[in-house]
Amino acid sequence: MSDNWKPATKAVHAGTRRSQYGEVSEAIFLTQGFVYESAEHAEQRFIDSGDDEFIYARYGNPTVKMFEERIAALEGAEDAFATASGMAAVSGALTAILKAGDHVVSAKALFGSCLYVLEDILGRFGVEVTFVDGTDLAQWEAAIREDTKAVFFESVSNPALEVTDIEGVAKLAHAKGALVLIDNVFATPVYSRAFEQGADVVIYSATKHIDGQGRTLGGVILGSKDIIRGTVEPYMKHTGGSMSPFTAWVMLKGLETMGLRVRAQVASALAIAKAVEGHAGLEAVKYPGLEAHPQYDLVQRQMGAGGTVVALDIKGGKEGAFKFLNALKVGIISNNLGDAKTIMTHPATTTHQRLPDAQKLELGITPGLVRFSVGLEDEADLIADVLQALDCVA
Ligand SMILES: *Cc1c(COP(=O)(O)O)cnc(C)c1O
């Protein structure tokens, strides 16, 4: 591979390892273990297994390695560790890096499971977490201390689509020696320049845009060779959250088409957000690519596009939202995102159900909020579907 290749070329070729048969499509090495030629060879592998040598699939596997090298090349990271799910990546990165007594500053607007890890789990192991409004640099500055070990945020929050300034927070964190960990799912690898902007660790749920077709769960942790092989890998390989070779193969093939898919989804998302703006059935439409989004300038600077998810605040609260959801003919009601199929989610009663009402409101999760993940269907069909469903509410 050449470092000068453009992303589309890397997405198709980076990381490819061919067996002696010269297969065109990447092979699935569906094997748990690897045979050693002798007892001495086995002993040697456990002392130092090189980049092209494997011991056990929980530690690494040729198909998984291909996925790790391809996504690392795309993201501009030195290295990557693939995980069983996005949450294995989020919880694995945090627990690999942190220990009892450490202090973390986190944005409070997070995906439900991320919030559970930060709010409930880390505290049980003696990690102190301070929550801030991720959009407010003054709050980050006030909360980051000399002894802060790491900061964590979703660059675009799920589901309220609040955007955190990566460069701004990274400057504040690095001034105090804290690591910057970013859950970058909503930005997608296609629009990410997170490492250039100051990230130390970037995390994706590969379940979303990388698979992009609703088949498998997966995740990935990206960073320097030091962090990935020195800190993340020892933790992940011994605790068991590794990606399966079959999943890695699905994700490799997903990366080949991700750029085309995500760009089409982003174009439709912008067209839909514009088409519904001002509709009588809506309290508000929130989309980072709309000029009306309060952080439009930051979005353009940081990602250059608004992403594949639109947030619709439907009139009439929960009742209005349910009427809207039940009237859809193309969009389906489910809770994934980044899929080829357009998927609608009502966070207040599903992904964020467990939160108290006051906390939901604080996170922008109103009773009428619908998270609208734009798929690959015809844009005109999607616009017609949403408008007719909104007409049922208005
Ligand atoms: C979906 C999601 C996750 C979790 O990913 P899984 O693959 O479902 O475990 C984490 N963070 C964000 C922002 C997500 O959207």
Side-chain angles (χ1 to χ4, degrees), residues 67 71 80-95 106-122 134 152-164 166 181-192 194 199 201-222 236 239-244 246-248 250-251 254-255 258 262 265 269 288 303 306-311 334-339 341 343-347 350-355 363-365 369-375:
F67 169 66
I71 183 74
F81 193 92
T83 60
S85 68
M87 286 319 302
V90 171
S91 66
L94 287 165
T95 34
S106 170
K108 62 187 167 194
L110 298 175
F111 174 62
S113 297
C114 292
L115 194 59
Y116 184 76
V117 171
L118 271 298
E119 248 188 347
D120 292 71
I121 297 180
L122 289 184
F152 178 83
F153 57 92
E154 294 170 5
S155 54
V156 181
S157 74
N158 178 356
L161 307 180
E162 288 181 357
V163 183
T164 293
I166 297 175
L181 279 69
I182 302 179
D183 178 334
N184 214 25
V185 168
F186 276 51
T188 83
V190 179
Y191 292 100
S192 169
V201 174
V202 172
I203 297 159
Y204 288 105
S205 163
T207 313
K208 313 293 167 57
H209 306 86
I210 295 175
D211 174 345
Q213 291 158 82
R215 298 163 295 194
T216 54
L217 289 176
V220 64
I221 306 167
L222 298 120
M236 293 305 302
T239 54
S242 311
M243 179 179 275
S244 92
F246 177 76
T247 297
V250 172
M251 298 306 181
L255 283 179
M258 177 180 65
V262 168
Q265 288 166 312
M303 306 186 291
T308 66
V309 178
V310 180
S334 186
N335 40 256
N336 191 15
L337 61 91
D339 199 280
K341 294 181 171 63
I343 291 176
M344 305 279 187
T345 311
H346 186 242
T350 61
T351 54
H352 290 71
Q353 186 190 90
R354 69 176 184 89
L355 300 183
L363 301 182
I365 302 165
L369 185 76
V370 169
R371 187 183 75 191
F372 179 169
S373 167
V374 178

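Every value quoted in this text rests on a predicted model; they were computed, and no experiment measured them. Remember, it's 1-based here, ligands and their atoms both numbered in the order they're listed.
Shown here are the side-chain contact (heavy atoms from CB on, under 4.5 Å) partners of Asp339, two or more places apart in sequence or in another chain: Asn336, Lys341, Ile343. Among residues two or more places apart in sequence or in another chain, the side-chain contact (heavy atoms from CB on, under 4.5 Å) test is passed with Leu115 by Leu110, Glu119, Phe131, Arg354, Leu355, Gln359, Leu363. Partners of Thr239 by side-chain contact (heavy atoms from CB on, under 4.5 Å), not counting sequence neighbours, listed by chain and number: Tyr235.
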Give a table of atom pairs where an N or O of ligand 1 lies under 3.5 Å from a protein N or O.
unit_1, atom_1, unit_2, atom_2, d
ligand 1, 5 (O), Ser205, OG, 3.0
ligand 1, 7 (O), Gly86, N, 2.8
ligand 1, 7 (O), Ser205, OG, 2.8
ligand 1, 7 (O), Thr207, OG1, 2.6
ligand 1, 9 (O), Gly86, N, 3.0
ligand 1, 9 (O), Met87, N, 2.8
ligand 1, 11 (N), Asp183, OD2, 2.6
ligand 1, 15 (O), Asn158, ND2, 3.1
ligand 1, 15 (O), Lys208, NZ, 2.8

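A donor atom on one side chain and an acceptor atom on the other are found under 3.5 Å apart for Ser192 and Asn184.
Between the side chain of Thr345 and the backbone N or O of Ser334 there is at least one donor-acceptor pair closer than 3.5 Å.
Between Asp211 and Met251 the shortest side-chain heavy-atom distance falls below 4.5 Å.
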